[in-house]
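One structure is given here, and the rest of the page talks about it.
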Amino acid sequence: MSDEYTSPAVSELPPFEQGRHLLSVSQFDLPGLRQLFALADAVDVIAKRRAVCTVLDGAMLGSLFFEPSTRTRLSFESAFLRLGGEVTTTTGFTFSSMAKGESIADTARVVSGYSDALVVRHPEVGSVAQFAAASTVPVINAGDGTGEHPSQALLDVYTLEKELAVRDKKVDGCRIAVIGDLRYGRTVHSLLKLLSLYSEITFQVFAPPSLELPEGIAQYVRQRGHNVSVYDSVIAAVANADVVYATRVQRERMTHELAQANTNGDLLNRALLAEAGNLDVVIMHPLPRDSRPDSYDLSADVDELPGLAIFHQTDNGLNIRMAVFLTALGVNIDAVTLTTKQRPWKAALRS
Ligand code: ASP
């Protein structure tokens with residue numbers, strides 16, 4: 001299988017630090033990841049709206065989403081606002097000058113003149129890197145087609161560590177079932193690369209025919225000492241896994257026939273987990289979950305299970321995206337602490 005669905009040349013990118021773009025998870029090593037996660041922990045009180053922070057007073061975020069988004073856009077924008085900054089937004093091609101044929105480079109040059117940082121989502125692989133090349137301020141990749149979604153992988157791994165820790169387990173040596181549309185689902189591409197920083201993970205992979213994991217990703221992971229085992233059923237992939245990471249069929253990225261070919265029943269539900277003998281498994285999903293009938297996604301009938309972590313992921317996204325902005329803008333935690341105060345009305349609440 002070819003690698004047309006993943007971002008090219010990401011290994012040449014510099015580490016993610018002050019003044020740098022965030023385009024790929026390949027910009028992290030383990031110490032860099034630890035530093036980002038420590039920052040994400042430190043801003044928790046602000047993320048949970050128990051305190052107000054003004055450290056980014058006067059800073060402006062340009063938020064440009066040329067593909068649909070709910071949680072990624074809102075959590076990036078909320079993260080910047082929580083830190084005291086301001087946000088300007090454009091969504092879709094219709095309401096931007098790209099509808100008049102403006103190039104990515106011109107758009108990037110113009111909006112970076114109005115902003116201190118940019119968050120960009122665009123349907124083409126490599127497009128956000130083109131955006132970054134013409135921008136005068138740090139650009140954060142919020143998803144480039146089927147390429148990467150680095151902030152999603154960061155919040156996924158941050159969540160994974162926490163979920164496993166409460167079960168006295170570690171990411172090193174764990175078994176992760178990765179199921180669903182692994183070809184067009186960019187979150188899995190970023191996630192597997194980022195998890196490659198850890199040791200001896202077993203990825204138990206299941207994808208419907210024609211939606212398999214790109215070979216380049218499997219190779220990347222194997223070259224770093226991990227095991228990738230391919231299964232022909234969800235039940236086999238999930239049995240004995242510590243975690244299951246399920247993904248939606250990315251219908252918007254495929255032909256109607258291909259989308260139809262993969263629509264029957266649920267990808268994962270309570271009955272399948274019971275049959276796999278693994279009702280306690282940690283359940284993750286990048287969301288959105290496709291709730292239409294026969295959408296072949298994660299069923300809502302797992303929502304009462306003890307391992308459901310999907311809404312912990314979305315909550316943690318705010319902390320991670322705050323940490324991403326603080327890193328890109330070079331703001332240290334002392335400055336955050338100095339500009340943070342309690343919210344009197346919250347303190348006054350009974351519980
Ligand atoms: N929200 C994720 C993304 O933008 C996952 C998905 O859409 O299925 O890639």
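Keep in mind that what you see is a predicted model, and the values were worked out from it rather than measured. Remember, it's 1-based here, ligands and their atoms both numbered in the order they're listed.
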Output the list of atoms in ligand 1 that are nearer than 4.0 Å to some heavy atom of [X], sorted by atom number.
{"X": "Pro288", "result": "1 (N), 6 (C), 7 (O)"}
{"X": "His149", "result": "3 (C), 4 (O), 9 (O)"}
{"X": "Gln250", "result": "6 (C), 8 (O)"}
{"X": "Thr187", "result": "2 (C), 5 (C), 9 (O)"}

Problem set entry | Arg224 NZ/CZ over Tyr220 ring centroid, <6.0 Å and within 45° of normal |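 Yes, Arg224 and Tyr220 form such a contact.
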Side chains of [X] and [Y]: closer than 4.5 Å at any heavy-atom pair?
{"X": "Leu33", "Y": "Tyr198", "value": "yes"}
{"X": "Arg20", "Y": "Pro14", "value": "yes"}
{"X": "Tyr114", "Y": "Thr88", "value": "no"}

Select one of side chain, backbone, both or neither to describe which atoms of [X] lie under 4.0 Å from any atom of ligand 1, heavy atoms only.
{"X": "Arg121", "result": "side chain"}
{"X": "Leu287", "result": "backbone"}
{"X": "Arg71", "result": "neither"}

Exercise. How would you list all residue pairs meeting salt bridge (charged side-chain N to carboxylate O under 4.0 Å, His left out) that involve residues 253-270, not counting sequence neighbours?
Worked result: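 Non-adjacent pairs meeting salt bridge (charged side-chain N to carboxylate O under 4.0 Å, His left out): Glu67-Arg253.
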Problem set entry | Thr72 to ligand 1, any heavy atom closer than 4.0 Å |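 No, Thr72 has no heavy atoms under 4.0 Å from ligand 1.
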Exercise. Looking at ligand 1, does Ala142 have a heavy atom less than 4.0 Å from it?
Worked result: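 For ligand 1, residue contact (heavy atoms, under 4.0 Å) with Ala142 is absent.
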Exercise. Of the listed options (Arg251, His189, Arg186), which comes nearest to atom 9 (O) of ligand 1 when hydrogens are ignored and any heavy atom counts?
Worked result: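 That would be Arg186.
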Exercise. Should Asp290 and Arg251 count as an ion pair when the cut-off is N to O under 4.0 Å?
Worked result: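 Counted as a salt bridge, because a side-chain N and a carboxylate O are separated by less than 4.0 Å.
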Exercise. Based purely on interatomic distance, does Arg248 place a nitrogen or oxygen under 3.5 Å from a nitrogen or oxygen of ligand 1?
Worked result: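 Looking only at distances, the answer is yes, because the N/O contact criterion of under 3.5 Å is met.
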For this session: May I ask you to decide if the ring planes of Phe16 and Phe28 are parallel, tilted or perpendicular, using 30° and 60° as cut-offs?
Result: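 If you compare the ring of Phe16 with that of Phe28, the planes turn out tilted.
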For this session: Quickly, which of Leu118, Ile104, Thr107, Val111 forms a side-chain contact (heavy atoms from CB on, under 4.5 Å) with Ser135? Name it, please.
Result: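 The single option meeting the side-chain contact (heavy atoms from CB on, under 4.5 Å) with Ser135 is Leu118.
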